[in-house]
Amino acid sequence: MNVIIVDDEPLAHEVLETYISKVSNLNLIKNCYNALEAKETIQNEQVDLMFLDIQMPQLTGLEFVRSMTQLPLVIFTTAYAEYALESYEIDAVDYLVKPIALEQFLKAINKAQDRYDQENENIQIGDDYFFVKADKKLVKLFYNDILYIEGLKDYVIIRTNNGRVITLQTMKSLEAKLANKNFKRVHRSYILNKTKIKALLGNVVEIMEGGKEKHIPIGKNYRDELFEEIHRKKI
């Protein structure tokens, strides 16, 4: 996994660099000292895992995660234990309280590797279709048949006119794999097939599902990018 460290304290970088060097399947590609530097790295590099501090100047780690629509896996590294619950609500892999012991670090890496492997195993992309693992089998889905994808904790529900498919997958990984296939994330819990959009009504997108109107909410962090694509006639 390609990893980055995001922390404003040089000592924290030194500790994590030492730990990362002990794990053969980790490749440290960047040391970032603020959220803006991390954002630029994520946009320009293939980043699979991010070690992220919470209390940083300008933008906290939690604020940074909420501001992004596409993120790698996240392990929070912080001196403040009180943010643990909030970190899991935004789907962090783990939450490590400084000073971080090597044993804690390795347990977090095992969790991240399991999720990384799972996400890359459960979906196989083709030109006109993809396969997902569901009900102990690989199910073939054509992009054009999909209406929208709904997130449900560690699972996603893929809705089509023929029904639904439930697969063990995260929205983040599925969004990244389908980004160039006419799909657009419009909410923390929804990815839409852009070709199925019928109308926009305030903060909702209207599509047709089973012959009936279906309204999908637009999240505030996704609204500007969605409307920009519409104005650029990319939808």
Side-chain angles (χ1 to χ4, degrees), residues 1-122 151 153-156 168-177 185 188 221:
M1 291 184 290
N2 287 336
V3 304
I4 62 173
I5 301 169
V6 189
D7 200 307
D8 62 322
E9 298 177 359
L11 179 59
H13 284 261
E14 292 178 16
V15 172
L16 288 173
E17 282 180 16
T18 300
Y19 289 171
I20 289 169
S21 69
K22 297 178 183 295
V23 183
S24 61
N25 61 323
L26 297 183
N27 176 37
L28 178 61
I29 61 171
K30 181 76 173 180
N31 293 74
C32 303
Y33 291 86
N34 57 65
L36 297 179
E37 189 177 355
K39 180 178 180 179
E40 182 179 357
T41 303
I42 291 169
Q43 289 174 338
N44 294 296
E45 304 282 349
Q46 175 59 47
V47 180
D48 303 309
L49 175 63
M50 171 170 59
F51 295 96
L52 179 63
D53 189 22
I54 289 183
Q55 289 293 350
M56 295 186 294
Q58 297 180 327
L59 200 65
T60 70
L62 291 170
E63 290 170 341
F64 172 51
V65 169
R66 294 194 190 98
S67 72
M68 295 287 286
T69 56
Q70 293 191 34
L71 277 171
L73 299 173
V74 177
I75 295 175
F76 281 108
T77 57
T78 177
Y80 301 90
E82 61 265 30
Y83 297 106
L85 178 60
E86 195 171 358
S87 75
Y88 290 117
E89 289 176 350
I90 56 178
D91 201 30
V93 172
D94 211 339
Y95 186 97
L96 302 180
V97 178
K98 300 173 183 177
I100 300 169
L102 178 58
E103 181 183 2
Q104 294 175 307
F105 174 86
L106 293 175
K107 286 181 178 179
I109 291 303
N110 288 336
K111 291 180 184 178
Q113 188 68 58
D114 286 345
R115 188 182 292 190
Y116 177 81
D117 292 342
Q118 185 182 87
E119 291 176 355
N120 285 277
E121 174 190 8
N122 284 358
K153 292 187 177 179
D154 293 330
Y155 292 82
V156 297
L168 184 62
Q169 188 76 212
T170 65
M171 292 287 281
K172 176 183 64 64
S173 65
L174 197 53
E175 175 189 13
K177 291 180 173 67
R185 191 161 185 178
R188 180 180 176 184
N221 290 336

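- In this structure, a donor-acceptor pair under 3.5 Å is present between the side chains of Gln46 and Asp48.
- Taking the six-membered ring for Trp and thresholds of 30 and 60 degrees, Phe51 and Phe105 have nearly parallel ring planes, at less than 30 degrees apart.
- One distance of note links OG1 of Thr78 with CG of Asp53; it measures 5.5 Å at 0.5 Å rounding.
- Put simply, the side chain of Val93 does not reach to within 4.5 Å of the side chain of Phe76, judged on heavy atoms.
- Within the 3.5 Å criterion, the main-chain N or O of Met56 finds no donor-acceptor partner in the side chain of Thr60.
- Looking only at side-chain heavy atoms (C-beta outward), Ile4 and Ile29 come within less than 4.5 Å of each other.
- Here the straight-line distance linking atom CZ of Arg185 with atom CE of Met171 works out to 4.5 Å at 0.5 Å rounding.
- Taking all atoms of both residues into account, the shortest heavy-atom contact from Glu37 to Lys30 is OE2-CE, 3.5 Å.
- In this structure, the side chain of His13 does not engage the main chain of Asn31 through any donor-acceptor pair within 3.5 Å.
- Side-chain contact check for Ile109 versus Leu26: some heavy-atom pair is nearer than 4.5 Å.
- Closest approach of Ala38 to Val6, counting heavy atoms only: CB-CG2, 3.6 Å.
- For the residue pair Asn25/Gln113, the side-chain donor-acceptor check at 3.5 Å is satisfied.
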*Kindly determine whether Asp7 and Tyr33 satisfy side chain to side chain contact (heavy atoms under 4.5 Å, CB included), including the steps that lead there.*
CA-CA 5 Å; Asp7 200 307; Tyr33 291 86; over 6 Å; no

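- Rounded to the nearest 0.5 angstrom, Leu106 CG and Lys111 NZ are separated by 12.5 Å.
- Leu71 places a side-chain heavy atom less than 4.5 Å from the side chain of Met50.
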*Applying side chain to side chain contact (heavy atoms under 4.5 Å, CB included), run through Val74 and Tyr95 and close with a yes or a no.*
CA-CA 9 Å; Val74 177; Tyr95 186 97; over 6 Å; no

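- Smallest separation of non-hydrogen atoms from Val47 and Ile42: CG2-CA, 4.1 Å.
- When the salt bridge (Lys or Arg N to Asp or Glu O under 4.0 Å) test is applied to Glu40, no partner is found at least two apart in sequence or on another chain.
- To the nearest 0.5 Å, the span separating CD on Gln55 from CD on Glu9 amounts to 10.5 Å.
- No side-chain heavy atom of Asn34 sits under 4.5 Å from any side-chain heavy atom of Pro57.
- Lys98 NZ: more than 12 foreign heavy atoms inside a 6.0 Å radius.
- Side-chain contact between Leu28 and Ile5 is present, with at least one heavy-atom pair separated by less than 4.5 Å.
- Counting heavy atoms of neighbouring residues, nucleotides and ligands inside a 6.0 Å radius, atom CD of Glu103 does not exceed 12 of them.
- Inter-residue side-chain proximity for Pro72 and Leu49 is flagged as unmet; no heavy-atom pair is nearer than 4.5 Å.
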*Check the pair Arg115 / Leu73 against side chain to side chain contact (heavy atoms under 4.5 Å, CB included), numbers first and verdict last.*
CA-CA 9 Å; Arg115 188 182 292 190; Leu73 299 173; 3.4 Å; yes

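- Here the CD1 atom belonging to Ile75 is positioned 10.5 Å from the CG atom belonging to Leu52, to the nearest 0.5 angstrom.
- Residues Met68 and Lys39 are in side-chain contact: their nearest non-hydrogen atoms beyond the backbone lie under 4.5 Å apart.
- Summarising the geometry of Thr18 relative to Lys22, their closest heavy-atom pair is O-CG, 3.4 Å, with the distance given to 0.1 Å.
- A donor-acceptor pair under 3.5 Å is formed between the side chain of Tyr19 and the backbone N or O of Ile100.
- Separation of atoms CG (Asn221) and CZ (Arg66) is listed at 9.5 Å; rounding is to 0.5 Å.
- No side-chain donor-acceptor contact under 3.5 Å links Gln104 and Asp94.
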